[in-house]
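Encoded as structure tokens, the structure appears first; notes follow it.
We name chains A, B, ... by the order of the sequence lines, and we start the count at 1 in each one.
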There are 2 protein chains.
Amino acid sequence: MEVSDPLDSSLGEREFAPGCATRVLLDHVTSKWGVLVLVALADGTQRWGELRRRATGISEKMLAQTLKTLQADGLVHREAQPTIPPRVDYSLTEDGREFVELLLPLVTWVADYAKRSG
Amino acid sequence: MEVSDPLDSSLGEREFAPGCATRVLLDHVTSKWGVLVLVALADGTQRWGELRRRATGISEKMLAQTLKTLQADGLVHREAQPTIPPRVDYSLTEDGREFVELLLPLVTWVADYAKRSG
DNA sequence: CGGTATCCGCGTGGATACTG
DNA sequence: CAGTATCCACGCGGATACCG
């Protein structure tokens, strides 16, 4: 291709078919709540209630759904203590930590840009 | 905090209020089609028709809406030639290029991870 | 070619109530 | 505390038609 192309970072093929694994996973991790939950978990292991407070505005339904999806994707680890009252801890898996390392700079940039522009 | 916290990357405050500028912008740039359009534009200036093909599966309505939003956010530049037939070029602004530099590694990682896992 | 306008189905996601 | 279950509205987004 003859366009200048200064940003090609070794991603050979950028045409993703609708419904392909990459697009599906991308939708999960870039979803409205997915981003906020992952960013919250970047601070370390957290409980259900903490996550609800940190992902401000999320409903119980969406928190459950988001966590299940990210868990199935292999990015989030769930550990339940069989105590009463129950205690459940959520944390990032090794893969999740890898991903969040790329996500945090992006979120930081957005927050920064929103401040400069807004 | 006593958790290990190896990922704190100088983002002091991570609790974003619903509807705040950061959350709104984050929703734009992490939206289903926003990501694909930005990634497509990372390859350089492109026309409407090219973008439609690259963001495979997008409708005309969503492409128009996505481009307008990203343009209003200051990440995308639009340049229309007053010719017949009309020709309109879309490209990243300087800010858009900054952002996409952070976005591409993330998308690359997701594509890679989807391949290893899926 | 590069859009805009309109209609409308349906899935996302909020609210509420209930459970182990 | 940490969820599940159910109901339902509303807006996202696709399809279609049309315009400059």
For A/V37 and A/T66, which heavy atoms make the closest approach, and how far apart are they?
CG2-CG2, 4.1 Å

Short side-chain to backbone donor-acceptor contact, B/E101 and B/E98, under 3.5 Å
no

Any side-chain heavy-atom pair of B/F99 and A/Y113 under 4.5 Å
no

Are B/D89 and B/W48 side-chain neighbours, meaning at least one heavy-atom pair lies under 4.5 Å?
no

Angle between the two end axes of the helix from C/dC1-D/dG20 to C/dG20-D/dC1, five base pairs per end, rounded to 10 degrees?
50°

Start at the 5' end of DNA chain C and walk down; is the nucleotide closest to B/P86 or to B/A64 reached first?
B/P86

Is there a side-chain contact between A/S31 and A/H28 in this structure, where contact means two heavy atoms from C-beta onward sitting under 4.5 Å apart?
no

B/I84 has an atom CD1; how far is it from atom P of D/dC19, in whole Å?
17 Å

Starting at atom CZ of A/R52, determine the distance to atom C1' of D/dA2, rounded to an integer number of angstrom.
11 Å

For B/S91 and B/T45, indicate whether the former's side chain and the latter's backbone hold a donor-acceptor pair under 3.5 Å.
no

Stretch residues 67-78 of chain A: residues that reach within less than 4.0 Å of DNA chain C through a heavy atom
none

B/E60 atom CD is separated from C/dG2 atom P, nearest whole Å, by 11 Å

Close side-chain approach of B/F16 to A/V107, heavy-atom, < 4.5 Å:
yes

Any donor-acceptor pair under 3.5 Å from A/Q46 side chain to A/G44 backbone
yes

Could you tell me how far apart B/E50 (CD) and C/dC1 (P) are, to the nearest whole angstrom?
11 Å

Start at the 5' end of DNA chain D and walk down; is the nucleotide closest to B/G57 or to A/G49 reached first?
A/G49

What's the CD-P distance between B/Q46 and C/dG3, to the nearest Å?
14 Å

Return the value, rounded to whole Å, for the distance between atom CH2 of A/W48 and atom C1' of D/dT4.
9 Å

Can a donor-acceptor pair be found, under 3.5 Å and without considering hydrogens, that links the side chain of B/Y90 to the backbone of B/L51?
no

Do the side chain of B/T93 and the main chain of B/G74 share a donor and acceptor less than 3.5 angstrom apart?
yes

For B/Q81, does the CD atom have more than 12 heavy-atom neighbours from other residues, nucleotides or ligands under 6.0 Å away?
yes

Taking CZ from B/R53 and C1' from C/dC1, how many angstroms apart are they, rounded to a whole number?
11 Å

So, OP1 or OP2 of D/dC1: does either fall under 4.0 Å of a side-chain N or O from A/Y90?
no

Grab the CZ-C1' distance between B/R87 and C/dG3 for me, whole Å please.
16 Å

Considering only nitrogen or oxygen atoms on both sides, find all protein atoms under 3.5 Å from nucleotides 10-13 of chain C and state each distance.
unit_1, atom_1, unit_2, atom_2, d
C/dG13, N7, A/K61, NZ, 2.6
C/dG13, O6, A/K61, NZ, 3.2

